[in-house]
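Sequence positions, counted from 1, serve as the residue numbers for this chain.
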Amino acid sequence: MFQVLSSSRIVVFSLAGVFLSLTACGGGGGSSSSDAVASLADLQFESGVFPDADNFKSACQNPRSGVSSVTGVAFDDREGSVLEENFWLRSWTNDTYFWYDEVVDLDPSLFTTPQYFDLLKTNEITPSGKDKDEFHFSVPTDEWEALSQTGISVNYGVQFAVISGTTPREIRVAFTEPNAFADLANVERGDTILAVDGVDVNDNTQAGINTLNAGLAPSDIGESHDFVFRKVDGTITSVTLTAGTVTLTSVQEVNTFTTDAGNVGYFLFNDHIATSETELVDAFRDLESQGVDDLVLDLRYNGGGFLAIASQVAYMIAGSEATESQTFEQLRFNDKHPSINPVTGRLNDPVPFFDESLGFSVSPGQPLPTLNLDRVFVLTTSSTCSASESIINGLRGIGVEVVQIGSTSCGKPFGFYATDNCGTTYFSVQFQSVNALGFGDYADGFAPQGSTSVGSVILPGCVVEDDFSVALGNPEENMLAMALDYQVTGQCSATSAQSQNAKASSPNTGDSQLIKTIWQENRIIRNSQSFEF
């Protein structure tokens with residue numbers, strides 16, 4: 001299990017039951033040689049020589065049988081070995097990885113499969129000093145399918161936000177899932193964790209950190225942990241939270257506000273998962289019926305997910321006239337594949353603005369509602385990533401004005417196809433996305449006007465800190481209030497300038513990182529016939 005907290009820094013954020021310890025196996029793709037391997041005894045490592053990945057596909061040390069309980073698709077595993085799993089990873093990486101020529105070619109017989117996958121990425125760094133590839137991960141296939149297809153995960157139904165991972169630590173409740181255990185236990189947005197299972201949140205012993213991590217990210221149904229919270233009003237409360245299967249509600253707080261400049265629609269959108277298709281269609285249909293003049297799309301906690309969902313959102317904002325025959329995103333693969341998608345084997349056609357349901361959770365082929373807007377207000381934080389940034393970039397590519405309210409987004413113009421082999425689903429960067437204007441260079445994120453972020457793409461808007469003292473969707477919450485004010489006046493109020501110093505002066509504001517699964521913070525294409533592009 002990876003730690004959520006350490007004594008010195010945050011290592012990685014994981015949500016109940018989907019721990020990203022780079023567990024093994026893979027799946028998919030071809031490579032540079034078609035020479036078949038006669039037998040395991042003939043399988044020898046030769047540096048720079050990469051047999052076709054299909055030679056090793058589904059050759060597993062522990063093959064599965066039967067069908068997936070989530071998708072109903074039969075497993076095609078066969079008897080194999082760790083070495084064959086590693087050779088598949090090696091050839092698949094060399095063929096499809098975006099920075100394949102920066103991967104050190106190591107003997108696959110010297111490592112376990114989790115160790116080997118961890119090494120199959122670039123070691124280069126960006127000019128700012130961060131890892132060039134921060135996005136390399138894998139998850140057990142059954143957990144990936146359960147969460148991404150059904151929205152079900154094992155947790156309390158609460159989303160924690162880490163404002164400070166080093167002492168003095170600050171971990172707060174960002175939101176709760178409706179009618180989940182935490183919601184029913186009166187755990188609310190803004191609650192601050194003081195202790196878990198009797199361990200103070202600032203405990204720096206390894207035993208204390210282990211206890212905190214176990215409580216923040218439970219792994220089993222029925223697992224209980226005792227929390228002490230400080231409420232926004234300063235009162236202290238003790239709550240026992242019990243993990244269970246929770247269905248995520250991706251779209252919340254759908255509302256319309258009337259201002260001097262017209263009707264403004266609003267909703268909170270948290271995850272690009274399959275179930276969100278239904279929720280998004282319902283939200284846009286509701287706002288369409290109310291004839292809204294503007295939209296505030298709250299993406300502050302949306303780390304990404306399925307790219308096709310992002311395309312649908314962008315279409316429902318802009319409408320048919322603005323998006324007709326336009327590109328939402330164009331995928332760019334490595335230089336081995338200038339025109340053919342190496343995963344699907346098809347021409348690398350642009351990802352369009354999808355104008356109908358795709359069958360994620362709505363019957364395919366249903367026309368989508370539209371607002372026909374030429375401007376959208378987007379609420380962002382550093383937890384706004386990948387597929388969420390695609391909405392911003394895709395709309396800008398067709399001339400829709402994006403007004404950014406909040407803080408700098410995370411900066412992930414890269415993505416991957418979820419690829420299963422032997423019970424593990426791999427996510428290894430396979431493409432960079434660009435919009436209709438050919439732009440995709442926002443590795444340092446999008447930032448609102450007035451931001452001091454280095455290297456970011458500056459958009460019109462206002463710098464505003466996340467306000468944990470007020471419920472999401474409340475027009476008095478700082479970010480939403482600023483968007484509504486800007487919608488009327490066309491400029492930032494004094495609150496924007498003040499908010500740049502708000503984190504230091506108030507415990508109820510700040511930017512944060514969410515404790516979410518890493519796959520929810522990326523741009524993903526589902527590799528199935530219905531969703532290939």
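Looking only at distances, a side-chain donor or acceptor of E477 sits under 3.5 Å from a matching main-chain atom of M479. With Q404 contributing its side chain and F377 its backbone, the two residues share no donor-acceptor pair below 3.5 Å. Here the side chain of Q330 pairs no donor or acceptor atom with the backbone of T327 at under 3.5 angstrom. When atom types are taken as modelled, the side chain of Q432 and the backbone of F333 share no donor-acceptor pair closer than 3.5 angstrom. Formation of a donor-acceptor pair under 3.5 Å by the Q430 side chain with backbone atoms of Y417 is found in this model. In this structure a side-chain-to-backbone donor-acceptor pair under 3.5 Å is missing from T71 to S68. Listed for the T141 side chain is a donor-acceptor partner under 3.5 Å among the backbone atoms of T425. Of the possible polar contacts, one joining the S451 side chain to the S453 backbone as a donor-acceptor pair under 3.5 Å is found. A donor-acceptor pair under 3.5 Å is absent between the side-chain atoms of S428 and the main chain of Y97, judged by distance alone. At least one donor-acceptor pair under 3.5 Å links the side chain of S361 to the backbone N or O of A274.
Side-chain contact annotation: E170 with S164, donor-acceptor N/O pair under 3.5 Å absent. For the residue pair S390 / E329, a side-chain donor-acceptor distance below 3.5 Å is found, with atom types taken as modelled. No donor-acceptor contact under 3.5 angstrom links the side chains of S250 and N270, judged on distance only.
Cation-pi check for R172 over F160 is not met; the charged atom does not lie both under 6.0 angstrom from the ring centroid and within 45 degrees of its normal.
V296 is not listed as a side-chain neighbour of F257, based on a closest heavy-atom distance of 4.5 Å or more. Inter-residue side-chain proximity for L358 and E277 is flagged as met; some heavy-atom pair is nearer than 4.5 Å. Counting heavy atoms from C-beta outward, P448 and L459 have side chains that stay 4.5 Å or more apart. Taking 4.5 Å as the limit, every side-chain heavy atom of P352 sits out of range of all side-chain heavy atoms of Q326. By the 4.5 Å heavy-atom criterion applied to side chains, V264 and T259 are counted as neighbours. Counting heavy atoms from C-beta on, the side chains of T192 and F229 never come closer than 4.5 Å. The side-chain heavy atoms of E401 and D374, taken from C-beta on, include no pair separated by under 4.5 Å. At least one side-chain heavy atom of T381 sits under 4.5 Å from a side-chain heavy atom of T384.
Taking OG of S325 as the reference point, atom CD1 of I398 lies at 11.5 Å (rounded to 0.5 Å). Rounding to the nearest 0.5 Å gives a distance of 10.5 Å between OH of Y442 and CZ of R396. Summarising the geometry, atom OG1 belonging to T249 is positioned 10.0 Å from atom CG belonging to D271; distances are rounded to the nearest 0.5 Å. Note: E321 CD to N372 CG = 8.0 Å, rounded to the nearest 0.5 Å. Rounding to the nearest 0.5 Å gives a distance of 11.0 Å between CG of N179 and OG1 of T247. The line from NE2 of H272 to OG of S388 is 4.5 Å long, rounded to the nearest 0.5 Å.
Residues L484 and P475 come closest through the heavy atom pair CD1-CB, 3.9 Å. Between L480 and N474, the shortest heavy-atom distance links the atoms CD2-O, 3.5 Å. Nearest heavy-atom pair across F360 and I309 is CD1-CD1, 3.7 Å. Of all the heavy atoms in N393 and F439, the pair that sits closest is ND2-O, 2.9 Å. Scanning all heavy atoms of the two residues, the minimum distance from T176 to V187 falls at CG2-O, 3.4 Å. Heavy-atom minimum distance, G394 versus N435: CA-CB, 4.3 Å.
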**Request:** Step by step, work out the side chain to side chain donor-acceptor pair (under 3.5 Å) result for D444 and S456.
**Result:** CA-CA 5 Å; D444 289 307; S456 301; over 6 Å; no
**Request:** Walk me through it: do L295 and I317 pass the test side chain to side chain contact (heavy atoms under 4.5 Å, CB included)?
**Result:** CA-CA 8 Å; L295 173 68; I317 291 171; 3.8 Å; yes
**Message:** I'd like to know whether W99 forms a side chain to side chain contact (heavy atoms under 4.5 Å, CB included) with D133, so could you lay out the CA-CA distance, the side-chain angles of the two residues, the decisive distance to 0.1 Å, and finally the verdict.
**Reply:** CA-CA 9 Å; W99 301 288; D133 185 355; 3.9 Å; yes
**Prompt:** Run the side chain to side chain donor-acceptor pair (under 3.5 Å) check on N348 and H337 step by step: do they pass?
**Reply:** CA-CA 9 Å; N348 183 24; H337 306 285; over 6 Å; no
**Request:** Determine, step by step, whether F269 and Y301 satisfy the ring pair (Phe, Tyr, Trp, His ring centres under 6.0 Å) criterion, reporting the C-alpha distance in whole Å, the side-chain angles of both residues, the deciding distance to 0.1 Å, and the verdict.
**Result:** CA-CA 8 Å; F269 179 33; Y301 302 136; over 10 Å; no
**Asked** After noting the C-alpha distance and the side-chain angles of S357 and Q366, does the key distance pass the side chain to side chain donor-acceptor pair (under 3.5 Å) rule?
**Response** CA-CA 5 Å; S357 57; Q366 305 300 310; 5.2 Å; no
**Message:** Could you go through R285 and L368, starting from their C-alpha distance and side-chain angles, then the distance that decides it, and tell me whether this counts as side chain to side chain contact (heavy atoms under 4.5 Å, CB included)?
**Reply:** CA-CA 8 Å; R285 186 171 290 129; L368 298 178; over 6 Å; no
**Request:** Show your reasoning for whether side chain to side chain contact (heavy atoms under 4.5 Å, CB included) applies to V378 and I405.
**Result:** CA-CA 6 Å; V378 178; I405 306 294; over 6 Å; no
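The pair D294-R375 meets the salt-bridge criterion, with a side-chain N (NZ, NE, NH1 or NH2) lying under 4.0 Å from an Asp/Glu carboxylate O. Taking 4.0 Å as the cut-off between side-chain N and carboxylate O, D233 and K231 do not count as a salt-bridged pair. For D183 and R189, the salt-bridge test fails: no basic side-chain N is under 4.0 Å from an acidic carboxylate O. Between E389 and K412 there is no salt bridge, since no side-chain N of the basic residue sits under 4.0 Å from a carboxylate O of the acidic one.
Ring centroids of Y156 and F227 are separated by less than 6.0 Å, placing the two rings close together.
With I392 as reference, T380 is the one residue of L297, V376, T380 to meet the side-chain contact (heavy atoms from CB on, under 4.5 Å) rule. Each of F135, F137, F431 was scored for a ring pair (Phe, Tyr, Trp, His ring centres under 6.0 Å) with F416, with one residue passing: F137.
For E356, the CD atom counts as densely surrounded, since its 6.0 Å shell holds more than 12 non-hydrogen atoms of other residues, nucleotides or ligands. Counting non-hydrogen atoms of neighbouring residues, nucleotides and ligands closer than 6.0 angstrom, the CD atom of E476 reaches no more than 12 such neighbours.
With sequence neighbours left out, the ring pair (Phe, Tyr, Trp, His ring centres under 6.0 Å) criterion links Y266 to no other residue.
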